[in-house]
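Input: a single structure, listed below in structure tokens.
Because the structure is a prediction, the values reported are computed rather than measured.
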Amino acid sequence: WDITLSSNEVDEDNDFGNWRYAYKRGMKFEDLNADGVKDAGEPGVAGVEICANGTCATTDADGKYELMLKPGSYLVCEQDVSALGWTQSYPDNTVCDGVDGVAPGGWDITLSSNEVDEDNDFGNYRQAMKSGYKWHDLDADGVWDSDEPGLEDWVMELWDASGKLAEATTDTNGYYAFMNLPPGDYVVCEQLKDDWFQSYPDSGFECPTGLGLGEYGYSFSLISGQHEEDNNFGNWQYGRKSGYKWHDLDADGVWDADEPGLKGWVMELWDSSGNKLEEDKTSATGYYWFLELPPGDYVVCEQLPDDWIQSYPDSGYECPMGLGLGKYGYSFTVTSGDRHSHNDFGNYQHAKKSGYKWHDLDANGVWDADEPGLEDWVVELWDAGGKIGETTTNADGYYEFAGLEPGGYVVCEQLQDEWFQSYPGDTGVLCPIGLELGEYGYSFSLISGQHEQDNNFGNWRYATKSGYKFKDL
């Protein structure tokens, strides 16, 4: 005040006013559950500018800030960090909406001298992420083994309490991800394709029924910035086992083009623990199959009817004995979606060779009605390796070689003294010489189950004519 005082003057109201700085304090916190409330344990966020009408402070390691301001009215705003993946959850207003470079929510305050205005906080959260893999569980054991591939083009669904939110499709590695998720509670389930089964997870959250989803999924809560990983799904398909049963006509264990299938034969499927699981009968073409096999270890064997012999397989898995099964079968492992085919079985029956030896009374090589059979004549059977057997004709002259393997043979007769062969003549095959055999026999090939008949032999002896010359006195 610049004053001039006169005698006895009283000059009043020459006052002095003073003020002190006010303080604005608060905290920038990570709102882990995005509920707009600073809960215990939610950390501060460092390095964010908080400004009031151009006066700024940067949050410290604990997320705290302090502004020293002259008394007055201010808009307190936080730096816009949405480009860094943050979303403001508190305060839930638009106080700072018209200010450039800041988030919309803020504080409209008026400060007086020396006032300390606290708890003007800012809450933010980051988007979360959910990911996992879908894999082909080849052995259906619910464990992702190193050789089991991912499954591409499977649809995963994301749900919350209100319903289905989104879908994601697995990539070539079976990977799926749901990104930019606000913190909250979610469920993920898989869309289950036809003829596929879920092996993992095999417990936990039960997905909605009637919507084509796998039985189980994952229920989870995401917090700010969280990446929830390894919520994986394993799936598998039934396998199949098939093959043919064929009539191995030449018993060589090779399915030749002219060899037919065998209908109505029973095939048995066993597990690796020795438990018989099921049977199937071969079709008209000899085909059999076992469908809907879960991945695992199995054995297939054939029921072997009487008088049949197995030619193929001739080695490998030995089927249980004493149960009427063929000696060998197939032991195999089914993985998801496997199609085991051409596990085939070849079978044959023994063949038979028969004929007659007759007394060719007129030595013409034709068996006439009045010509009897010859008993106790020996007939020999030969193959490429030599003589393999002999048999003796019965009272009717009948001979037979039974229980013969399919193959090539020769039959010859032992020629008794003073007897001659009239049949077969040179239409037959020459028998070995020097062994007292008839000159000709029969060469023939037998196939499975064949009865080669009427390979007959005719024989005769010289006749004797005698009489007397007398003198008719």
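Residues satisfying the salt bridge (charged side-chain N to carboxylate O under 4.0 Å, His left out) criterion with E66, sequence neighbours excluded, are R25.
Between Y287 and Y244, the angle of the ring planes lies from 30° to 60°, which puts this pair in the tilted group.
No side-chain N or O of Y125 forms a donor-acceptor pair with one of Q88 less than 3.5 Å apart. Looking only at atom types and distance, the side chain of S82 has a donor-acceptor partner in the side chain of D80 under 3.5 Å away. In summary, the side chains of D39 and N33 do present a donor paired with an acceptor at a separation below 3.5 Å, with no hydrogens or angles considered. Donor-acceptor pairing under 3.5 Å is lacking for the side chains of H340 and S242. Judged purely by distance below 3.5 Å, without hydrogens or angles, the side chains of W154 and E152 never pair a donor atom with an acceptor atom. Side chain to side chain, Q303 and E279 meet the donor-acceptor criterion of an N or O pair below 3.5 Å.
A 6.0 Å sphere centred on NZ of K164 holds more than 12 heavy atoms belonging to other residues, nucleotides or ligands. By the neighbour-count criterion of 12 heavy atoms within 6.0 Å, atom CG of D307 is sparsely surrounded, having that number or fewer from other residues, nucleotides or ligands. Counting non-hydrogen atoms of other residues, nucleotides and ligands closer than 6.0 Å to OH of Y442 gives a total above 12.
For residues 92-133, the pairs satisfying disulfide bond (SG atoms under 2.5 Å apart) are C77-C96, with sequence neighbours left out.
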